[in-house]
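These notes are about the structure you will find just below.
Just so we're clear, the structure is a prediction, and the values are computed from it rather than from any experiment.
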Amino acid sequence: MKKIIVFSILLSMFGLNTFAQSKQFLYIKFTPADATLSINGVEQETTDGVFEDLMLLNKEYSCTVSKEGYTTERRNIVMRNPNETYVIKINLKKVPKYGSLLVKSTPSRADIIIDGQFKGQTPRYIPEILVGEHKVSVFGVEHTINIEEGKES
């Protein structure tokens with residue numbers, strides 16, 4: 001009976017709203033939408049890149065958004081203000097992919113121009129060149145080449 005009386009006194013002193021305000025709303029929007037969201041190491045259910053939930057006041061949360069082929073983003077948040085909506089927006093960036101290029105010519109010592117930039121003279125090995133289509137000019141003759149990840153062209 002004493003516990004009920006003490007609880008009733010606490011409710012009257014602090015009001016019911018004090019207890020109701022112990023959780024805050026957290027909204028995390030991330031792209032790409034099919035990335036994985038973890039909060040404090042626990043993977044969260046989301047199908048559209050949006051996480052909405054009530055979180056405890058004054059507790060630190062570690063938010064991690066990740067996807068293969070993209071950078072991983074981590075944010076820590078402590079929600080301190082009652083009845084506030086906390087918003088986090090995270091846009092993951094693609095990790096660049098590289099291939100390599102070996103340029104030879106006869107005769108040698110020809111200028112190599114790739115996408116309008118001088119890259120040296122032949123013969124030359126270029127170890128990191130972004131995956132995709134590039135314009136390569138040797139002896140003033142332009143060629144279009146396609147660089148693939150992990151392959152030497």
- [ ] Name all residues meeting the salt bridge (Lys or Arg N to Asp or Glu O under 4.0 Å) criterion together with E148; count only those two or more places apart in sequence or in a different chain, and write none if there are none.
- [x]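 Per chain and number, E148 pairs via salt bridge (Lys or Arg N to Asp or Glu O under 4.0 Å) with K151.
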
Task: F25 reachable from V50 in the ILVMFWY side-chain graph, under 4.5 Å edges - done: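 V50 and F25: one cluster.
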
Task: Same apolar cluster: V87 and L54, side chain cutoff 4.5 Å - done: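 Cluster IDs for V87 and L54 match.
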
Which residues end up grouped with [X] if you chain together Ile, Leu, Val, Met, Phe, Trp and Tyr wherever their side-chain heavy atoms are less than 4.5 Å apart?
{"X": "V131", "answer": "none"}
{"X": "V141", "answer": "none"}
{"X": "V138", "answer": "L101, V103, I112, I114, I126, I129, V136, F139, I145, I147"}

Open item on the list: Looking at every non-hydrogen atom in both residues, tell me the closest pair between L56 and Y61 and how far apart they are.
Closed with: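 Shortest heavy-atom contact: N-OH, 2.9 Å.
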
TODO: Output every pair passing salt bridge (charged side-chain N to carboxylate O under 4.0 Å, His left out) with a member in residues 44-56, not counting sequence neighbours, ordered by first then second residue.
DONE: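 Qualifying pairs: none.
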
Side chain to side chain donor-acceptor pair (under 3.5 Å) partners of [X], counting only residues at least two apart:
{"X": "S105", "result": "T122"}
{"X": "D111", "result": "Q121"}
{"X": "T144", "result": "K135"}
{"X": "N146", "result": "none"}

Using 0.5 Å steps for rounding, measure from the [atom1] atom of [X] to the [atom2] atom of [Y].
{"X": "M79", "Y": "Q24", "atom1": "CE", "atom2": "CD", "result": "7.0 Å"}
{"X": "Q44", "Y": "F51", "atom1": "CD", "atom2": "CZ", "result": "4.5 Å"}
{"X": "Q117", "Y": "S137", "atom1": "CD", "atom2": "OG", "result": "13.5 Å"}

Task: Partners meeting side chain to side chain contact (heavy atoms under 4.5 Å, CB included) with Y125 (sequence neighbours left out) - done: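 Applying side chain to side chain contact (heavy atoms under 4.5 Å, CB included) to Y125 gives S100, L102, P127, E152.
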
Open item on the list: Per the side chain to side chain donor-acceptor pair (under 3.5 Å) rule, what does the pair list look like for residues 72-81, sequence neighbours excluded?
Closed with: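 Those involving residues 72-81 are S62-N76, N81-E84.
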
Open item on the list: Tell me whether the count of non-hydrogen atoms from other residues, nucleotides or ligands lying under 6.0 Å of CD in E142 goes above 12.
Closed with: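 Counting neighbours around CD of E142, more than 12 heavy atoms of other residues, nucleotides or ligands fall under 6.0 Å, so yes.
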
Scan the side chains in residues 26-37 for donor-acceptor partners under 3.5 Å anywhere in the protein, sequence neighbours excluded, and list what turns up.
residue, atom, partner, partner atom, Å
T31, OG1, N91, OD1, 2.6
D34, OD1, K67, NZ, 2.8
D34, OD2, K67, NZ, 2.8

